[in-house]
Each structure stands twice: as structure tokens, then as C-alpha cells.
Amino acid sequence: MESKPVINEFSGIAAKGLRNRYIGSLSAADAGERVSVCGWVARVREHGEHLVFVDVRDYSGIVQVVAHSSVDLRSEYVVQVAGLVSERPEGTVNPDLATGEIELTDTEITVLSAAEPPPFAIQDRVEVDEAMRLKFRYLDLRRDKMQHHLRMRARINSAIRASMERQGFTEIETPLLWTPTPEGAREFVVPSRLHQGSTYVLPQSPQIAKQLLMVAGFDRYYQIARCLRDEDLRADRQFEFTQLDLEASFVTQRDIMDFISDAVIAASRAAGISATGEVGEISWKDAMDRFGTDKPDMRFGNELIDVSAVFSNTSVRALSAPCLKALVAPNPSSLTRSKLDDLVDRAKGLGAKGLLWLRAVAGSEGLQFESPVSKFFTADESKSLMDVTKVSEGDVVLIVGDAWEKACHVLGQIRLELGRSQGDPDEFRFVWVVDFPLFEGVDEQGRLISAHHPFTMPNEEDFSKLESDPLSVRSQSYDLVLNGWELGSGSIRIHRADIQSKVFASLGITEEEAGNRFGFLLDAFKYGAPPHGGFAFGIDRLAALLVGEDNIREVIAFPKTQSGADVMTGAPKEIDTRIWDLLGLSVKAPKKYLA
RNA sequence: GGACCUGUGGUGCAGCUUGGAGUGCACGUCGGCCUGUCAAGCCGAAGGUCGCGGGUUCAAAUCCCGUCAGGUCCGCCA
């Protein structure tokens, strides 16, 4: 994508010291003025010793500097150039350059710092291996694209802060050295020197701290917070990430959703995206039914269709399943036999027993299905399948039969795979996913598992089912999704001891266990806890999507590789035995040296 | 823990299917020429542990096994 420089409004006056202008601010209107700029040599074009062009770059732009004697300048030298802004001679204007109407003449060039040839060209158009980019991140970041992305991210942050402040939120910092909680994601452990054998952990989120702030009476708290999770990395996941974290008291779910919607729309505007429209809304059940995922990409259709009823009396074994989901594939002509076989493998890889495909072709008696299984269909089944899927000639229908959630999930993944190219990269479809189940299932010991966390308030209409039918209880929790990426989630919290006890009981958490794990929070709730709820969304993800990237590394200055290494610093590194001693720890032989 | 893709002068790539001398392209670097270029142009030169280790073979960048690094995904993760 094209990256335009993000020039802060005050650029023009901010230039001081060794320069009085930013390069991108120069234009024909400045002709005749002597200016001083600083930057890096982007390119030297020497036409003999009497005419040399030097392109000098700062983050805001590039300008052509003219010299009439040989210069000892190479790429990436850091220079200060004093010169006269001059309109270019007739016929030499460069329309591809923002400063293409002018050049600096009568110049005095000072080398502030010489530079070795860089290991790769500092140009957007040069693709560089990821490991190389990360090893020389300071050079990678010098490129226009990365300059643009990080400066845009700063603007997004700023817009989010402004939105929060406008809505009456107070920014409060919470500890990085937190207490271990035997919950969910793996925590980064920080051994204590003063309390040997004990540790702090780095927070996975400020969840508990912000609820305590509610008890404390800070009724609208927010923080742009670093969070850390020791889980395997992905394109949208780093160990460290940044969230807009907020919590508010005396509010409903709707209030929280409005606060957040305001912030993300403001962030989008800051990123130059105006056409976001309203934030949509869909229930979790609908999202699963129609898109096969709780984070639907709603930029394109091809929704899943329930065809269970069509084959309720089928003799085909593959179709005898609790739930049958169908998808009319986009671009059916591209689905060759081998592509279809790949899809079958993909479906199996996702845990499905199989994937049936049927192609609608013109036959002697109108449209008919062509497929390895279609001959086992009754005429009624064929007809009814055509009706419900609304196929026309050439279409391919894909069917997965399984338990409801599995069938939805598998076909939802296939939908994404086939439809991804249909999503308009310039469209931003924010959507709230609401009415999540309170429990996502049961563990090996038959205990219910929290879908969000154990303080999530059940939907009031479902209170009565907590004991009788807990899996059908909906929670007051909500996710924000953008173009198929989960940006974040939140919930209204339980602030009443009686409801909390019931939920703990459902989760198989005893009073004693609850006390051990969350004692200080439960204690706090005894002293007057306001009804409260909150939300947190990933700014890395939001920023990546808003600048058109599909990997959050592109909006993080110094990210880790997928194996969690920093190839620039070499972290993580083994440390000296003395440091372990100081912490009262010893280390077994590193795993890689064990047989 | 698992699946797949990638690794070849400083950079990006081709070569690998079907083994035959480190072969090729573009950029960069170094030297020379060049007074209006802007991814300047022209001429010339230097630059290689084909990620690493092992195997097969008369012969391996190429085939096989292992391993390391980077990436995408599953598991994991809100």
C-alpha cells in the first residue's frame, strides 16, 4: 500500500537547532528562501564534477540538492544542507516527487555522520527477508513505510486517548510486577531477589487491578497498557502487546460498547479512514451459524446455510450428522477436482470427518448435482437442497456434517479460505459479537469452563438456568471484531457475592480455592463494590488493520520472531550463574543440550 | 508438540522437477567517463562455506536423512 508521510501539524515550527524546515514542508511557495534541512542521503546522481544531484531524505519527504562540485557523499550519510529553495529549470520538474517543483541550490552541505553501505536498501520497494529486517531493525524502521506505520500508530493512540478523556475517563497506571494467578494463559515469571523462591509475574492484562479501581471509586478508568502472555506467537500475536484497557462503574453493556465504539471510530478517523459507518452487531449464535466463527469477516457474504432438514431421512452415512452446514463456494470455476480434494483434506485437518462437494450442472431435466455422492440423493433431497442453497449452474456446494459447533467451525474456515480475496481491503467492518455463552464446555473432570473469566456476569434472563442448564446461559460479554480479527473483548462483571458464589459453584471452584486465588478481590467486593464492566482491545491489531497490514510486527518497533527471539539483541540469552545465585535459583542444563 | 513454505556473492531472485566445472538476471559496492538527472546513463572490476552436518553417487546447490534460522498455520492463546 502507498504510505504517505504522517506530518504532524506542528512540523513546520517544530524544526529547530540544526535545521529550520522539514523537507516535506518545502514547496514552490518557498522559492527564494534560504533554508536549512537535515536528513539522510537517499541517492547521489553524479554527472561529472560540475553537476551532482543529491536526494536528501527526512521522514517527511525527499528533496533534490544540487551541487556544482564533486561531493564525497554516499547513501545514508547524515547531512545538514543549507541552500536556496529554487524553482527547477523548465522541463526538469519531477511530478512524482512531492517537492518535485523545487530543488536546493547554492548549497552548503555538512556531513554530520558518515555511513557504511547499509546491508539492504532503505527503500519501500525493496523486499527484504524478515530475519534481515529484524536484525537491522533500526534501518528497516528508517524506511518510509515503517515511518508511516509507527507515526500513524502514534496518531491512533492519541485519538484513543482523546476519545477516552472526552468521555470522562481517567488514565491510571497499574503494576507490571503482579501476583501469580493459576489462571489461563502462561505468565512470564519474574523471580524476586528479596524474597528468594517467590516470584512476581508480568500481567496478562490489568484485569483484577482495574476492578479494584472500580471499588476504589475511579468510576471511569482507562489505560493504554502493555500486556504479556507467554504463549506461542502468530501473525496477530506477540508476547508483549498493547491494549486499550478500560473499566467503568454504574454502566450497562450498552454503555461500554458505546465508549469503545467511539474510540475505535476516532482511531479510524485519525488513520484517515472515514467510511467505517456504524459498528454492527451480531449474536454469537448468529455469527457461528452464518459465518462459522465468533470473529466474522463481514466484508463478504457466502454465508453458511443449515441444510440439516434437507437430509433428515438420508441413507447417506456421511450426511447422518446432528448438523449439516452448506456453503455455496465463490469462484466455483476455479474449483478443480484437485482443489476440491485439497479442501477435503483441509476439512479433515480441521477435525471434520469429511467434506462433501456437489457441482450444479445442467442436465436433461434441468439443474442437477454432479458429485460422488449425489446418486444416493432422492429427487426430493436434490430439489430441496437446490432450493435452500439457491444454486445456479456451475455453482459448487460444500457440505460438512458434524456436531453443530464443529460443522460451523470447519465450514467457516473454508469460507474464509475461499472468500478471503473477496474482502475489500479498504473496507472496515467493525462488529460487536454479543450474547456469548457463559460457559464454553466442560473439562475432563466434568467441570464447566468459563468462556471469558469467572467474574463475567450472566445474562439476567438466564439466571434461573445457572443450575438447571448452565451451558445455555448467556453472559453479558461482548467481543469487538474487525474484518475477521478479534480486536478485544469485555464483560459486565459480577459484583454481588451471591451470584459469584453460584458461578464459582458451577465452575467447581470451592470457597477455599476462590479465597486462595482471588481473595483480595473478593475481600474488596465486601466493602461496597459498584456494578461495573469493561473492555480491552488490542491496539497492535487495530493499528495493523487500519494501515493495511496483516501482521502486527509491521506496527511494532521492535517485535520478536515467531520463536520468541529478538534477532537484533540476541534475547533471550543465557545469563551468568552469579545472577541465578543472586536470585536464589539454579538452572538445569538447557533443553537443547539434553539428549 | 505437529504440518507446510523459504534459505544460492552485500540485497532480491532464477537454477533444484530430470545430479555433470559456482552458471545466470536485477540492485548494491569499488574504479573510470559523463553539465539536468531523479530507480540517471555508459564502460570496467571485485565479491560465493549454494544455512549447517551426515548419507547416496564416479560426481550433489540439485536426491535422501538430520539439524538450525525465518515465515504461515494447527495445538496453545481473549
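Computation of the quantities below employed the complete heavy-atom set of this structure, encompassing side-chain atoms and omitting hydrogens, waters and symmetry-equivalent molecules. Every chain is numbered from 1 and lettered A, B, ... according to where its sequence line falls, protein lines coming before strand lines.
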For this session: Please determine, for B:G44, whether a Watson-Crick or G-U wobble partner exists with both distances under 3.5 Å, and give it or none.
Result: B:C30
Exercise. Does the B:U37 base have a donor-acceptor partner in the side chain of A:E46 within less than 3.5 Å?
Worked result: no
Problem set entry | Under-4.0 Å side-chain N/O to phosphate OP1/OP2 contact, A:R553 with B:G71 | yes
For this session: Kindly state whether the pair A:F53 / B:U37 counts as stacked, where counting means centroids closer than 5.5 Å and planes tilted less than 30° apart.
Result: yes
Exercise. Just to confirm, is there a sub-4.0 Å distance from OP1 or OP2 of B:A69 to any side-chain nitrogen or oxygen of A:S563?
Worked result: no
Exercise. Considering only B:A39, B:G1, B:G36, which nucleotide approaches the side chain of A:N94 most closely?
Worked result: B:A39
For this session: Would you state whether a donor and an acceptor, one from the side chain of A:Q123 and one from the base of B:G12, lie under 3.5 Å apart?
Result: no
Problem set entry | Below 4.0 Å: OP1/OP2 of B:G70 and any side-chain N or O of A:T561 | yes
For this session: Specify the residue among A:H50 and A:A451 whose closest nucleotide of RNA chain B lies further upstream toward the 5′ end.
Result: A:H50
Exercise. Between B:U11, B:C76, B:C73, which one does the side chain of A:Q562 approach most closely?
Worked result: B:C73
Exercise. Is a donor-acceptor contact shorter than 3.5 angstrom present between the side chain of A:R45 and the base of B:C34?
Worked result: no
Seminar exercise, completed: With the side chain defined as heavy atoms from C-beta on, A:P117 is closest, among B:C76, B:U72, B:U29, to B:U29
